[in-house]
Amino acid sequence: MRQIYAAVHGVPEGRLCSYGKIAELAGQPGRARYVGRILSQLPSNTQLPWFRIVNSQGKISFPAQSENYQRQLSHLINESSADESGKLFWRQCRWPD
DNA sequence: AAGCTGACGACGT
DNA sequence: CACGTCGCCAGCT
């Protein structure tokens, strides 16, 4: 749990990371769903860069059109990690370079 | 205790 | 590239 937060917090601006990778970095491989559940329960005022987490297909794990989808996309656009069309610039989380 | 449900993932068709 | 399957794990009925 603690580790999950730490892993997410460690994703630098401009980078994207998958749920599975976060779980792995947190020392809990195979628990991608767990990561998703953790993030789903984050308070709206969280400092955690939850929006930098996408699924292994490099896509936002929210149904397009949904509020959440738009919120996440906006953040990513601000970080130049996506364009208006919704396409993400999938730079796998290999930080630090 | 048994089944259902996800902000998931790997693989096959 | 788009689905369908099956495996996965924790929390809630």
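Computation of the quantities below employed the complete heavy-atom set of this structure, encompassing side-chain atoms and omitting hydrogens, waters and symmetry-equivalent molecules. Note that the structure is a prediction, hence the values are computed from the model and not measured. Letters A, B, ... mirror the listed sequences (proteins, then strands); counts begin at 1.
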Quiz item: Passes side-chain contact (heavy atoms from CB on, under 4.5 Å), Glu13(A) versus Arg52(A)? Steps please.
Solution: CA-CA 8 Å; Glu13(A) 176 177 333; Arg52(A) 303 211 259 254; 3.6 Å; yes
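- Taking atom CZ on Arg31(A) and atom C1' on dG11(C), their separation rounds to 14 Å, with Å as the unit.
- Separation of atoms CD (Gln41(A)) and OG1 (Thr46(A)) is listed at 12.5 Å; rounding is to 0.5 Å.
- Remark: Gln57(A) CD to Leu88(A) CG distance equals 11.5 Å, nearest 0.5 Å.
- Glu24(A) places its CD atom 15 Å from the C1' atom of dC8(C), with the value rounded to the nearest Å.
- Remark: side-chain polar atoms of Gln47(A) are not paired, donor with acceptor, to backbone N or O of His9(A) under 3.5 angstrom.
- Atom CH2 of Trp90(A) and atom OG of Ser18(A) lie 5.0 Å apart (nearest 0.5 Å).
- One side chain, Asp83(A) or Ser85(A), offers a donor N or O that lies under 3.5 Å from an acceptor on the other.
- Of the residues listed (Ile38(A), Leu39(A), Ile4(A)), the one engaging Ile22(A) in a side-chain contact (heavy atoms from CB on, under 4.5 Å) is Ile4(A), and it is the only one.
- Considering all non-hydrogen atoms of both residues, Leu73(A) and Glu84(A) come closest at CD2-O, 4.4 Å.
- Side chains of Glu67(A) and Phe62(A) form no contact here, defined as non-hydrogen atoms less than 4.5 Å apart.
- Using a 4.5 Å cut-off on side-chain heavy atoms (C-beta onward), Ser81(A) and Phe51(A) make no contact.
- Comparing the P positions of dA7(B) and dC6(C) gives a spacing of 22 Å, expressed to the nearest Å.
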Quiz item: How would DNA chain B look in dot-bracket form, 5' to 3', counting Watson-Crick and G-U wobble pairs with both distances under 3.5 Å and writing | for bases paired to another strand?
Solution: .|||||.||||||
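- Near DNA chain C, defined here as any heavy-atom distance below 4.0 Å, the residues from residues 32-46 of chain A are Arg33(A), Tyr34(A), Arg37(A), listed numerically.
- Where DNA chain B meets chain A (any atom under 4.0 Å from a heavy atom), the bounding nucleotides read 5' to 3' are dG6(B) to dA10(B).
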